[in-house]
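Have a look at the structure that comes next, please.
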Amino acid sequence: MSIKLESNGPSMNDYSCATQCTWCDGCGDYGIWTAMKRALVELGLAPHQVCLCFDVGCHGNGSDKLAGYRFHGLHGRVIPFASAAKLANHKLPVIAFGGDGASFSEGIGHFVHGIRSNYPITFILHNNANYGLTLGQASSLTWQDQPMNSSPNGIPEHTLNSMDLVFALEPTFVARGFSGNIPQLTQIFKTAIQHQKHGFAFVDVLQACPTYNHFATHQYLLDRCYDANAEGHDAHCEPSKARALALDTSKRIATGILFQREDVPSFYDRLAPRKDKKTALVEEVGKVDVGEFMRELI
Ligand code: SF4
Ligand code: MG
């Protein structure tokens with residue numbers, strides 16, 4: 001059944017593609033994919049009104065299963081090209097999708113600077129705690145002692161505390177969801193997309209990967225995740241309070257909007273040459289004859 005907001009509004013069907021899904025049965029990508037479509041529809045955004053950017057990974061194979069302006073780039077580089085697209089046209093909602101493998105290894109520098117720069121994009125982390133596309137190697141977020149396909153005795157490094165890193169970067173928006181809770185995830189995505197006008201919105205989605213992640217399974221997450229906002233947590237709190245909530249996963253895992261502030265200008269709003277400009281950069285691009293310049297180089 002498709003969701004219709006109004007007679008001429010976008011529907012779930014508008015985001016459908018003919019390409020068949022290749023994700024494994026029970027993969028959390030299905031829940032994230034569905035929640036994102038719902039969020040876009042409920043925000044009244046049609047496919048031609050959004051830019052969806054995909055990193056390499058199982059989630060990245062969703063790039064041809066969701067309508068919209070889409071870009072599927074190099075491993076670990078989704079934040080640079082998503083941010084560039086946003087700076088070129090700041091009127092366009094830009095959503096970047098990345099996995100835990102790429103985001104906290106190949107692309108960790110981009111991740112760090114994406115948050116500290118407060119680029120005005122929404123970043124959805126598909127966090128299945130392993131490299132799923134390349135057959136189940138340990139990522140920086142895999143539990144240390146967990147046997148994986150390329151490390152049967154566990155990994156020698158300690159597991160990276162991703163939320164601690166995120167809060168050290170002074171974020172303006174941090175949320176956590178679970179791929180098995182589509183209604184909550186839809187609300188989180190909507191808020192994260194709306195936050196773009198204030199800067200970088202980070203959403204950590206704990207995602208089931210039944211093929212390779214046999215430790216933080218769907219059932220494990222289902223048993224531990226709870227809605228912190230429903231229990232009274234106000235995201236507009238002191239960063240230290242949100243950080244403590246995000247880090248305390250010993251018994252239960254807090255989900256929902258964990259932290260939000262609107263008083264820090266985004267990267268775009270700090271660019272002095274863009275001050276008071278009503279147009280987007282893409283609207284200012286003109287035809288330039290570079291022939292003379294090229295002849296000088298020869
Ligand atoms: Fe999903 Fe894991 Fe299969 Fe990849 S390997 S499609 S993340 S279940
Ligand atoms: Mg992964």
Side-chain angles (χ1 to χ4, degrees), residues 15 17 19 21-24 27-33 35-37 39-40 50-88 92-117 119-142 160 162-163 165-166 169 171 173-177 179 185 188-189 192-193 196 200-209 211-213:
Y15 279 95
C17 292
T19 324
C21 285
T22 53
W23 295 315
C24 310
C27 177
D29 279 332
Y30 289 104
I32 301 170
W33 179 60
M36 180 52 68
K37 287 196 282 189
L40 294 169
V50 292
C51 176
L52 307 170
C53 300
F54 297 84
D55 211 303
V56 170
C58 289
H59 76 278
N61 289 347
S63 63
D64 62 356
K65 298 167 186 67
L66 191 62
Y69 287 116
R70 291 156 292 168
F71 195 98
H72 195 173
L74 295 176
H75 200 197
R77 315 298 166 198
V78 70
I79 289 176
F81 60 78
S83 304
K86 183 70 178 191
L87 296 181
L92 190 68
V94 175
I95 302 157
F97 302 87
D100 54 288
S103 303
F104 292 101
S105 287
E106 294 87 348
I108 193 167
H110 303 306
F111 182 79
V112 165
H113 294 291
I115 296 179
R116 73 170 271 269
S117 303
Y119 291 140
I121 63 169
T122 299
F123 180 68
I124 310 296
L125 179 71
H126 287 245
N127 185 356
N128 59 9
N130 81 97
Y131 283 94
L133 186 68
T134 46
L135 310 182
Q137 293 94 348
S139 76
S140 304
L141 304 194
T142 306
L160 192 146
S162 52
M163 274 298 191
L165 173 65
V166 166
L169 299 168
F173 184 100
V174 181
R176 183 157 56 201
S179 59
L185 210 47
I188 291 173
F189 287 167
I193 294 167
Q196 279 186 31
F200 196 97
F202 171 66
V203 185
D204 180 9
V205 186
L206 305 176
Q207 178 196 332
C209 169
T211 304
Y212 296 119
N213 182 331

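Note that the structure is a prediction, hence the values are computed from the model and not measured. Count residues from 1 along the sequence. The figures here come from the full heavy-atom set of this structure, side chains too, leaving out hydrogens, waters and symmetry mates.
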Is there a side-chain contact (heavy atoms from CB on, under 4.5 Å) between Phe54 and His126 once you walk through the steps? CA-CA 11 Å; Phe54 297 84; His126 287 245; over 6 Å; no
Please check if atom OH in Tyr30 has more than 12 non-hydrogen atoms from other residues, nucleotides or ligands closer than 6.0 Å.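 Correct, the count exceeds 12.
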For Phe81 against His72, the heavy-atom pair lying closest together: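 Residues Phe81 and His72, closest heavy atoms: CZ-C, 4.5 Å.
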Where Ser140 and Ser105 come nearest, the two heavy atoms and their spacing: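 Heavy atoms only, the tightest pair is OG-OG, 3.0 Å.
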Quick check against the 3.5 Å criterion: does Arg176 have a side-chain atom that pairs as donor or acceptor with the backbone of Asp204?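 Checking the backbone N and O of Asp204 against the side chain of Arg176, no donor-acceptor pair under 3.5 Å is found.
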Could you check whether any side-chain N or O of His59 sits under 3.5 Å from a backbone N or O of Phe97, counting only pairs where one atom can act as donor and the other as acceptor?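 Side chain of His59 to backbone of Phe97: a pair is present.
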In terms of side-chain heavy atoms, does Ser139 have a donor or acceptor partner in Asp100 at a distance below 3.5 Å?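 Distance-only check passes for Ser139 and Asp100.
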To the closest 0.5 Å, what do you measure between CG (Leu165) and CD1 (Ile108)?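 Nearest 0.5 Å value for the CG-CD1 distance: 5.5 Å.
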Nearest-0.5 Å distance that lies between atom OG in Ser179 and atom CG in Leu185: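 One gets 7.5 Å once the value is rounded to the nearest 0.5 Å.
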How many angstroms lie between atom SG of Cys17 and atom NZ of Lys65, to the nearest 0.5 angstrom?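 NZ of Lys65 is found 9.0 Å from SG of Cys17.
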Return yes if a side-chain donor-acceptor contact under 3.5 Å exists between Asn213 and Asn128, otherwise no.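 No, because no side-chain N or O of Asn213 sits under 3.5 Å from a partner of the opposite role on Asn128.
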For Phe202 and Phe123, take the angle between the two ring planes, folded into 0 to 90°, and tell me which bin it lands in: parallel under 30, tilted 30 to 60, perpendicular over 60.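 Ring orientation of Phe202 relative to Phe123: parallel.
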Side chains of Leu52 and Phe71 in contact at under 4.5 Å (non-hydrogen atoms):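 Sidechains of Phe71 and Leu52: no contact.
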Rounded to the nearest 0.5 Å, what's the gap from SG on Cys51 to CD1 on Ile95? Could you check?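 These two atoms lie 9.0 Å from each other.
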Show the numbers, then the answer: is there a side-chain contact (heavy atoms from CB on, under 4.5 Å) between Asn61 and Trp23? CA-CA 8 Å; Asn61 289 347; Trp23 295 315; 4.3 Å; yes
Gln137 and Asn130 side chains, donor-acceptor separation under 3.5 Å: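 There is no such pair (donor and acceptor under 3.5 Å, judged by atom type) between the side chains of Asn130 and Gln137.
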